[in-house]
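Comments concern the structure below.
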Amino acid sequence: MDEATTILFVTSNQGKITEAKEVLRPYGINVESYVPNPEIDEIQSADLVEVAADKLMKAVSNSTLSSSIFGVMVEDAGFFLDEYEGFPGVYSAYVHKTLGISGVLRSLKGIENRNASFRCVIGIHIEGENFFFEGACKGIVSDKIRGVNGFGYDPLFIPNEGDGRTFAEMKLEEKAIFSHRAKALEAFRSFLDEWKQSPTSNHGNGS
Ligand code: ITT
């Protein structure tokens, strides 16, 4: 990226913003946060892409965009437990608010299958078009709450690609190596490299 590109990330979750900044900064992409008030109402759907698409449409129509903003971004994410056929998945925010991570942990007491994954879909609106990028991270649920970093389900989740620590025991830059969010943002970043070269892009080096 040879020029600063500013993306407006519309989310009520500060943790997501911090991580997106961390992943995209090395590529010269600035992430600015926009915390909607009231929060964007999410539709009920079993499909993260559908939820992200609806969020993106609402975010774009709610945001006042200055000319320095290159794109508008939203994200929908979830924590999927294999034992429960993916639940809480798209209901993760609700389960986190009601049961909390200690409730989720209690529900898994004595259960052998502790496989889990995080998944997310990032939706980005650029020059009137919407683009979607997915990321997933597999791991297992810890037998106790561990660590104070990150947010949400991080103190429960031990990624398979890691060294046995939960996400909440890792530094920001460590989680950003292989998290679901980092993977989706990397997919966006490589798309952007190609897109900027494309002759039809107004922002392209090749235009
Ligand atoms: P916005 O919709 O405003 O972006 P949110 O926190 O409601 O913020 P989601 O609906 O996408 O976001 O998140 C679903 C839940 O999954 C929520 O409880 C998050 O805290 C949790 N979650 C998402 N990504 C996570 C991550 O990287 N680590 C831990 N928990 C995460």
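Atoms within a ligand are numbered from 1 in the order they appear, just like the ligands themselves.
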N or O contacts of ligand 1 with protein under 3.5 Å, please list pair by pair.
| from | atom 1 | to | atom 2 | distance (Å) |
| --- | --- | --- | --- | --- |
| ligand 1 | 2 (O) | Glu42 | OE2 | 3.1 |
| ligand 1 | 2 (O) | Lys55 | NZ | 2.7 |
| ligand 1 | 3 (O) | Thr11 | OG1 | 3.3 |
| ligand 1 | 3 (O) | Ser12 | N | 2.8 |
| ligand 1 | 3 (O) | Ser12 | OG | 2.7 |
| ligand 1 | 4 (O) | Thr11 | OG1 | 2.6 |
| ligand 1 | 4 (O) | Lys16 | NZ | 2.8 |
| ligand 1 | 6 (O) | Asn13 | ND2 | 2.9 |
| ligand 1 | 10 (O) | Glu42 | OE2 | 3.2 |
| ligand 1 | 11 (O) | Lys16 | NZ | 2.7 |
| ligand 1 | 11 (O) | Ala77 | N | 2.8 |
| ligand 1 | 12 (O) | Lys16 | NZ | 2.9 |
| ligand 1 | 24 (N) | Arg181 | NH2 | 2.9 |
| ligand 1 | 27 (O) | Lys175 | NZ | 2.7 |
| ligand 1 | 27 (O) | His180 | NE2 | 3.0 |
| ligand 1 | 27 (O) | Arg181 | NH1 | 2.9 |
| ligand 1 | 28 (N) | Asp154 | OD1 | 2.6 |
| ligand 1 | 28 (N) | Lys175 | NZ | 3.3 |
| ligand 1 | 30 (N) | Tyr153 | N | 3.0 |

Checklist entry - Under 30°, 30 to 60°, or over 60°: which ring-plane class applies to Phe167 and Phe118, parallel, tilted or perpendicular? => result parallel

Checklist entry - Around Glu173, counting heavy atoms of other residues, nucleotides and ligands shown, do more than 12 lie under 6.0 Å from its CD? => result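 It does: Glu173 CD has more than 12 such atoms within range.
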
Item to check | Check: Val51 main-chain N/O paired with Asp54 side-chain donor or acceptor under 3.5 Å | outcome: no

Next on the checklist: I want to check something: taking the side chain as every heavy atom from C-beta on, are Pro36 and Lys58 in contact at a cut-off of under 4.5 Å?
Outcome noted: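 In short, these two side chains do not touch, never coming nearer than 4.5 Å.
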
Next on the checklist: Salt bridge check, Arg165 against Glu174: does any charged N sit closer than 4.0 Å to a carboxylate O?
Outcome noted: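 Result for this pair is yes, salt bridge flagged.
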
Checklist entry - Please, which pairs that meet side chain to side chain donor-acceptor pair (under 3.5 Å) have at least one residue in residues 89-104, sequence neighbours excluded? => result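 Checked against side chain to side chain donor-acceptor pair (under 3.5 Å) - neighbours excluded - no pair reaches residues 89-104.
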
